[in-house]
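Computed over heavy atoms, backbone and side chain alike; hydrogens, waters and symmetry mates excluded. Below, read A as the first sequence line, B as the second, and so on, with proteins coming before strands; counting in each chain starts at 1.
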There are 2 protein chains.
Amino acid sequence: MNIGDVAEKSGLPPKTIRYYEEIGLVRPLRSANGYRNFLERDVHKLAFLGRARALGFTIEDCRNLMALYEDDQRASSEVKEIAEQHLERIDNKIAELAQMRATLSHLVHACAGDHRPDCPILADLAATCPDEDLIDTTA
Amino acid sequence: MNIGDVAEKSGLPPKTIRYYEEIGLVRPLRSANGYRNFLERDVHKLAFLGRARALGFTIEDCRNLMALYEDDQRASSEVKEIAEQHLERIDNKIAELAQMRATLSHLVHACAGDHRPDCPILADLAATCPDEDLIDTTA
DNA sequence: CATTGACCTTCCAGTTAATGGAAGCCTTAA
DNA sequence: TTAAGGCTTCCATTAACTGGAAGGTCAATG
């Protein structure tokens with residue numbers, strides 16, 4: 001199977017599939033003409049990778065998940081640990097974004113958004129420390 | 001003022017400050033010895049940039065916000081528009097992460113996480129389309 | 001048989017926003 | 001004088017692709 005078919009079946013662009021080969025996530029055979037020759041097994045692996053990436057796992061996570069997937073002696077605890085760590089990363093990211101969102105939303109609502117230059121958003125970004133005039137800035 | 005002092009005052013690492021100069025966000029003077037020589041105004045700008053970046057604005061947003069900040073003829077609507085677009089980006093990102101979180105959390109709870117190889121997480125990642133055998137794959 | 005168009009190949013560059021490190025000045029104090 | 005610390009530039013690296021150029025392959029058509 002050529003890369004175009006695999007792209008369609010796996011949902012990954014050809015560029016990405018080539019990249020995944022380059023970093024060793026798949027090892028397709030080669031036809032006599034130099035074209036990559038994928039087996040169904042490769043398609044399956046690539047779809048697996050696509051789903052893992054869609055869940056936000058890093059490439060390194062994917063590499064490890066794939067290794068576990070192919071190891072029938074694995075302990076599910078190993079998989080779960082990777083997933084839990086990722087879940088924590090996601091939670092942290094969401095918290096960070098929620099914090100940004102709160103501040104930004106507040107500022108946006110406070111801004112008239114008209115022709116006048118007065119802007120609480122810029123005022124906040126420019127905000128000097130409230131006690132700035134108490135700080136020795138001559139140093 | 002040397003870069004080290006500016007770093008301390010602005011909260012940005014020296015490396016980042018040099019980078020911001022490289023991409024034209026600040027233009028410090030130079031002393032006779034070749035050292036960058038920052039004015040209070042530069043420190044203020046850098047702190048502004050640091051706060052904007054902390055709110056997740058891109059560097060390009062920062063460039064535009066800074067230009068508006070320095071233009072006393074600006075309309076607050078221009079600032080608000082940038083902020084609103086960013087808010088939307090944040091909301092999209094949060095939604096995406098929340099979706100990942102939901103799926104992943106579900107899978108993690110379903111996984112025993114013991115010594116056995118059975119794992120719903122891997123099963124899901126490997127999941128072929130439920131109706132795969134009904135799909136014409138010969139096309 | 002030649003050519004066209006759709007594939008495929010490799011290789012190089014660019015993306016975001018820094019960060020790490022090497023090699024080498026400048027300054028100051030012991 | 002020499003050592004420490006701060007400063008300089010330049011180059012490489014990060015994550016995970018993506019875009020594009022130059023060129024080989026293949027199937028069908030004129």
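A salt bridge links A:Asp114 with A:Arg116: the distance from a Lys NZ or Arg NE/NH1/NH2 to an Asp or Glu carboxylate oxygen falls below 4.0 Å. With respect to the salt-bridge test (charged N to carboxylate O, under 4.0 angstrom), the residues B:Arg89 and B:Asp61 qualify. Contact check on B:Arg41 versus B:Glu70 returns a salt bridge, with a Lys/Arg side-chain nitrogen under 4.0 Å from an Asp/Glu carboxylate oxygen. Residues A:Glu60 and A:Arg63 are paired through a salt bridge, judged by an N-O separation under 4.0 Å between the basic side chain and the carboxylate.
Counting non-hydrogen atoms of neighbouring residues, nucleotides and ligands closer than 6.0 angstrom, the CZ atom of A:Arg30 exceeds 12 such neighbours.
Within 4.0 Å of A:Ile23, counting heavy atoms only, lies no atom of the nucleic acid at all. Nucleic acid contact for A:Pro14: none, since no nucleic acid atom lies under 4.0 Å from a heavy atom of the residue. Across all strands shown, A:Arg53 has heavy atoms under 4.0 Å from sugar-phosphate atoms exclusively, and none from any base. Backbone-only contact: B:Arg36 has heavy atoms under 4.0 Å from sugar-phosphate atoms and none from a base.
Each end of the helix from C:dC1-D:dG30 to C:dA30-D:dT1 gets its own axis from five base pairs, and the two axes differ in direction by 40°, given to 10 degrees.
Contact of the B:Asp42 side chain with the B:Met1 side chain is not registered, since no non-hydrogen atoms from C-beta on lie closer than 4.5 Å.
Computed from coordinates, the A:Asp5 CG to C:dA6 C1' distance equals 13 Å when rounded to whole Å. Across the protein-nucleic acid pair, B:Phe57 atom CZ and C:dT16 atom P stand 17 Å apart, rounded to whole Å. Rounded to whole Å, atom P of C:dT28 lies 10 Å from atom CG of B:Asn2. The separation between B:Tyr19 atom OH and D:dA12 atom C1' is 15 Å, rounded to whole Å. Separating the CZ atom of B:Arg18 from the C1' atom of C:dA17 is a distance of 16 Å, rounded to the nearest angstrom. The separation between B:Glu21 atom CD and D:dT8 atom P is 8 Å, rounded to whole Å. Regarding A:Glu22, its CD atom lies at a distance of 10 Å from the C1' atom of C:dC11, rounded to whole Å. Counting to the nearest Å, the P atom of D:dT14 and the CD atom of A:Glu60 are 11 Å from each other.
Annotation: of the two residues near DNA chain C, B:Lys15 and B:Tyr20, the 5′-most nearest-nucleotide partner is B:Tyr20. Between A:Asn33 and A:Thr16, it is A:Thr16 whose nearest contact on DNA chain D lies nearer the 5' terminus. A residue-by-residue look at A:Tyr35 and B:Ile3 shows that B:Ile3 has its nearest nucleotide of DNA chain D further toward the 5' end.
Using modelled atom types, one side-chain atom of A:Arg74 and one backbone atom of A:Tyr69 make a donor-acceptor pair closer than 3.5 Å.
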